[in-house]
Amino acid sequence: SHGDFEGSLFLQRRVRCQNLYRWLMRRTARFALRHADLLRAVSNSTGEQLTDWSPGKPVVRFPAWTDIEVFLKAGEGDGAREPVILYAGALTPLKGVHHLLRAFAKVAQELPEARLEIIGRDENPEYAEELRQEVFRLRLNGRVSFVGEVPQVELANRMRRSRVFVLPSLSEGLGRVVVEAMATGTPVIGSRVGGIPEMVQEGWTGFLVPPGDEETLAERLRWMLERPPEAEAMGRRAREFARAFFSPEAYLTGYRRLLEMAQEVLKSR
């Protein structure tokens with residue numbers, strides 16, 4: 001399980017006949033979980049949901065794969081960071097980018113050098129167009145750029161040059177991009193949802209904000225932009241956390257444990 005399979009889909013796109021769709025999703029989830037021998041979760045929050053649906057069934061928790069070395073290498077680079085707020089991820093309502101735009105608008109006039117970069121594919125074209133119209137409505141033309149998808153190396157370098165990374169999701173299984181940003185030495189502002197609080201330590205490696213709280217998000221953006229030395233120190237601590245939180249060895253250990261448990265299930269039969 002990579003996320004909240006009960007409700008997150010309805011935050012990604014508009015769904016007709018929601019009650020019928022929700023009923024079908026629940027039936028499908030029950031069928032899949034009933035026939036599974038082992039369950040894997042990418043975070044504690046997804047693990048808790050699986051446990052609620054399948055009490056007593058073994059759940060193995062470890063994050064989804066990421067090539068962390070690319071981001072750690074980018075974090076070794078020198079050079080001053082730019083007053084850039086960075087978002088990376090698919091453009092869907094689930095990710096809460098509209099809240100980020102409105103929060104940025106609250107600080108943009110006070111900090112004329114600040115810019116917002118939005119990286120990611122237009123997974124929901126209608127929503128992506130709404131975001132572009134919102135930029136125009138908020139008079140942020142020239143201050144906000146939509147970059148589209150980029151290779152991992154370029155993403156890592158853009159993270160390294162940015163002052164802060166923001167993931168304003170309304171729901172999130174883990175938020176792998178958070179640990180990627182932290183690996184580059186970039187502090188993170190994330191919503192207090194899903195697995196994000198498992199990675200971001202409030203006031204130490206970044207900030208956590210209630211999902212959809214544009215006022216608090218604006219305050220945290222202002223803090224990051226107005227205090228470069230403190231933000232840089234926060235980023236260094238975030239990098240050390242990322243190095244310990246995820247590694248290829250830890251990922252292999254998780255899969256090894258899962259396969260060993262599968263062997264025990266087979267032996268018991």
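- L50 and Y255 end up in different hydrophobic clusters when Ile, Leu, Val, Met, Phe, Trp and Tyr side chains are linked at under 4.5 Å.
- Between E240 and R236 there is no salt bridge, since none of the side-chain N atoms of the basic residue sits less than 4.0 Å from a carboxylate O of the acidic one.
- Only one option out of R102, K106, R222, R220 pairs with E215 in a salt bridge (charged side-chain N to carboxylate O under 4.0 Å, His left out); it is K106.
- Listed for the R143 side chain is a donor-acceptor partner under 3.5 Å among the backbone atoms of A108.
- Side-chain contact of S145 with E117: a donor-acceptor pair under 3.5 Å is absent, judged by distance alone.
- Ring planes of H35 and F31: tilted class, angle from 30 to 60°.
- Listed for the S43 side chain is a donor-acceptor partner under 3.5 Å among the backbone atoms of G173.
- Remark: R257 does not engage E260 in a salt bridge, criterion side-chain N to carboxylate O under 4.0 Å.
- Side chain of R115 to main chain of I85: no donor-acceptor pair is present (N/O by atom type, distance under 3.5 Å, no hydrogens or angles).
- Residue R139 qualifies as open at atom CZ: its count of foreign heavy atoms under 6.0 Å is 12 or below.
- Hydrophobic clustering of Ile, Leu, Val, Met, Phe, Trp and Tyr side chains at less than 4.5 Å, counting indirect connections, keeps W204 apart from V209.
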Item checked: Chi angles and distances behind the side-chain contact (heavy atoms from CB on, under 4.5 Å) call for V70, L155 -> CA-CA 10 Å; V70 170; L155 173 61; over 6 Å; no
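- Between the side chain of K73 and the main chain of A156, no donor-acceptor pair closer than 3.5 Å is present.
- Heavy-atom neighbours of E113 CD from other residues, nucleotides or ligands within 6.0 Å: above the threshold of 12.
- Under a cut-off of 6.0 angstrom, the local environment of CZ in R34 is crowded, with over 12 non-hydrogen atoms contributed by other residues, nucleotides or ligands.
- Looking at T216, its side chain never comes within 3.5 Å of a backbone N or O of D213 through a donor-acceptor pair.
- Proximity of the aromatic rings of F207 and W223 is defined here by a centroid distance below 6.0 angstrom, and this criterion is met.
- At distances below 3.5 Å, not a single donor-acceptor pair connects side-chain atoms of K95 with backbone N or O atoms of P168.
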